[in-house]
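Since the structure comes first, as structure tokens, the remarks are kept for the end.
Atom set for the values below is all heavy atoms of this structure, side chains included, hydrogens, waters and symmetry mates excluded. Whatever order the structure lists ligands and atoms in, that order sets their numbers, starting from 1.
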Amino acid sequence: MIRNLARDVRAFTSNVFLVTGETTALVDAGANFDAVVRIREHVDHLDRVYLTHTHPDHVENLPAIREAFGVETWGYDAESEYVDHAIGDGETVRIGDDDYTALHTPGHKPDHLCFYARATGVCFAGDLVFENGGFGRTDLAGGDRETLIRSIDALYDAIDDLTALHVGHGPSVTERPIDDLELAAQAARM
Ligand SMILES: [Zn+2]
């Protein structure tokens, strides 16, 4: 089961997805709210934390989460203080009950990953794309629009079937999410 723990939080934070199952994991840690309390409403342990990237709004809750659950973190850039274990492009990681392919998708930030589960069609897209053709800003350090466009296209090409797009900000898309991905690919070129 996938829950967005930041869904009704009014603070400068990313979404925080708690995925329960064989490997109970968080996708992104968020910032500026008490994630530990919200995690404990559902589970008493965490096996892993996965990071789509290390912008402050996605990671600032990590110290409290690490301390409360003694959990280690996985992300693209092991040089980051927030990443204990590196994940390479194309690597498979277990999130909940499913295998997800990690796709290195820079453009918003150089260490950005998306996670896509072929068996279920679920994708965690971080800040690459958002609903209704939104896409990650490219004006921050390490951002680049052409690179972002290539990453959106690469995600599109990697996907067979998309049933749910869980994005870093705003609502998840479960109704024809492939349309939102196509819109983002177009909008990012304008
Ligand atoms: Zn970001």
Ring-ring centroid check His104 Tyr76, cutoff 6.0 Å: yes
Can a donor-acceptor pair be found, under 3.5 Å and without considering hydrogens, that links the side chain of Glu67 to the backbone of Ala64? no
With ring pair (Phe, Tyr, Trp, His ring centres under 6.0 Å) as the rule and sequence neighbours excluded, what pairs involving residues 16-36 come up? Phe17-Phe124, Phe17-His166
Tally every protein N/O/S atom whose distance to the Zn ion (ligand 1) is less than 2.8 Å; waters are neither shown nor counted. 4
Side chain to side chain contact (heavy atoms under 4.5 Å, CB included) for Trp74 and Val49? Distances and angles first, verdict last. CA-CA 6 Å; Trp74 275 256; Val49 175; over 6 Å; no
Mind checking what makes side-chain contact (heavy atoms from CB on, under 4.5 Å) contact with Leu140, not counting sequence neighbours? His55, His108, Arg137
Applying ring-ring contact (aromatic ring centres under 6.0 Å, His included) to His169 and not counting sequence neighbours gives His58, Phe130
